[in-house]
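Only a predicted model underlies this, so the values are computations on that prediction, with no experimental measurement involved. Basis for what follows: all heavy atoms, side chains included, without hydrogens, waters or symmetry-related copies. Lettering follows sequence order; numbering is per chain, from 1.
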There are 2 protein chains.
Amino acid sequence: MTAVIINRMTASARDRMILSAAVLMRQQGVEATSFSDVIEHSGAPRGSIYHHFPNGKAQLIEAATRYAGEFTAAGLIAALRTDKPADAVDAFAAQWTSMLEQSNFDAGCPVVAAALEGERTPGARAAAGDAFGRWQHLVARALEPHTTRWRARTLATLVIASIEGAVIMARAQRSTVPLEEVANELRRILRGDLPPQPASQPQ
Amino acid sequence: MTAVIINRMTASARDRMILSAAVLMRQQGVEATSFSDVIEHSGAPRGSIYHHFPNGKAQLIEAATRYAGEFTAAGLIAALRTDKPADAVDAFAAQWTSMLEQSNFDAGCPVVAAALEGERTPGARAAAGDAFGRWQHLVARALEPHTTRWRARTLATLVIASIEGAVIMARAQRSTVPLEEVANELRRILRGDLPPQPASQPQ
DNA sequence: GTCTATACGAAGATAGAC
DNA sequence: GTCTATCTTCGTATAGAC
């Protein structure tokens, strides 16, 4: 079974392939990531691809997308361990900033890469949609103590959308500035704009 | 020369290829868009590809990215013809909503597709960065009468990043809800959160 | 589970005729 | 400017041995 976080040293060949696929997807996109690339990057044996992924590339990409979704969710959960939403969103943005800098702006978000695929890989696109939904839910739940349930949801979508968008802009412009600017605005919104609310809302 | 908006009926073969490349990029991404696809979609003659684009696919993709950047900028300029920023951003988001619905969530943003490409197509990535910068500048300039120059810039980045991010989420989830939620939040911010400012700021 | 070999198609790019 | 033909490389996928 795929672990929540794959350890490159101890993982099975299958999990190493999933991890490598996610890494390569975020750098090159889905279409440009070939089996040969994954084999080389993961060190997994050639002959075991169709043993572990009988449905071929589509299955590997979908698994990598689901893994990347869980990986990012784990980072989000870690960031949300503050009860101040503004700090949590800052920490989440900082994770992306660090990744961009460490990769010299070569790595983006693998889930976004999967979301952009055409009709050739519907499974990966659906997996991307699920991942986004999960992240939205995590942020919304963290915001619910501070505002209405409805507003928590729309704010959560703003947080996810703007950070993902900023990561793309940062990559294209080879600068962390877009991410910093978005984080600034989000911090301001989450710090100042949430009216105190009673704990439970009428539905 | 490439027109600001290419007319499919009257355009030259070269411009039709650029337009088709942009259309296909937003559906399938860069890597999955082949010359054969572009030829078929544009109706341009096979033999003229390397006549018009001596540097091959990289050159075509870069041209398509620049064209898409200008096309979207034109839509943004049209939306900004209100002096109420909240209405302008709403209109811009509505353009994307309409495009997603008309394409049955098959079409995203070609500039984003170019931005996600790896090191194989550095020209397209740079063109994407330029396009984002241009959009940021357009929005920022429209916001400057209403707030400080610095805040106008960060808000502009939030607007572009969140709408682009929401388009991706909408595609993956096959729903316009993310875009509506983001537009709601942006409207609230731009309507209520901008303190009245004097026209010019000390630097 | 993993190997090699290979089938099969499609990609980008080039050459040379018209 | 546009055509056809072709080169070369690389992709996914399969077959069958070990």
Spacing of B:Arg46 atom CZ relative to C:dA11 atom C1', expressed in whole Å: 11 Å

Presence of B:His51 side-chain N/O under 4.0 Å of D:dG1 phosphate oxygens OP1/OP2: yes

Check: A:Arg153 main-chain N/O paired with A:Thr157 side-chain donor or acceptor under 3.5 Å: yes

Closest listed nucleotide, where the reference is the side chain of A:Phe35 and the choices are D:dT2, D:dA13, C:dT2: D:dA13

Mutual orientation of the aromatic rings belonging to A:Tyr67 and A:Phe71 [parallel < 30°, tilted 30-60°, perpendicular > 60°]: tilted

Nearest-angstrom distance from the residue atom NZ of A:Lys57 to P of D:dC10: 15 Å

Atom-pair distance (CZ on A:Arg120; P on D:dA13), nearest Å: 12 Å

Rounded distance in Å - CG (B:Asp15) to P (D:dG1): 13 Å

Below 4.0 Å: OP1/OP2 of D:dC10 and any side-chain N or O of A:Ser36: no

Atom pair distance, as rounded to whole Å: CD in A:Gln59 and C1' in D:dT12: 14 Å

Aromatic centroids of A:Tyr50 and A:Phe35 separated by under 6.0 Å: yes

Atom pair distance, as rounded to whole Å: NE2 in A:His52 and P in C:dC3: 10 Å

Salt-bridge contact A:Glu144-A:Arg149 (side-chain N to carboxylate O under 4.0 Å): yes

side-chain N/O B:Ser34 vs C:dA11 OP1/OP2, d < 4.0 Å: yes

Between C:dG1 (P) and A:Met17 (CE): distance, integer Å: 11 Å

Spacing between B:Ile39 atom CD1 and C:dA13 atom C1', to the nearest angstrom: 13 Å

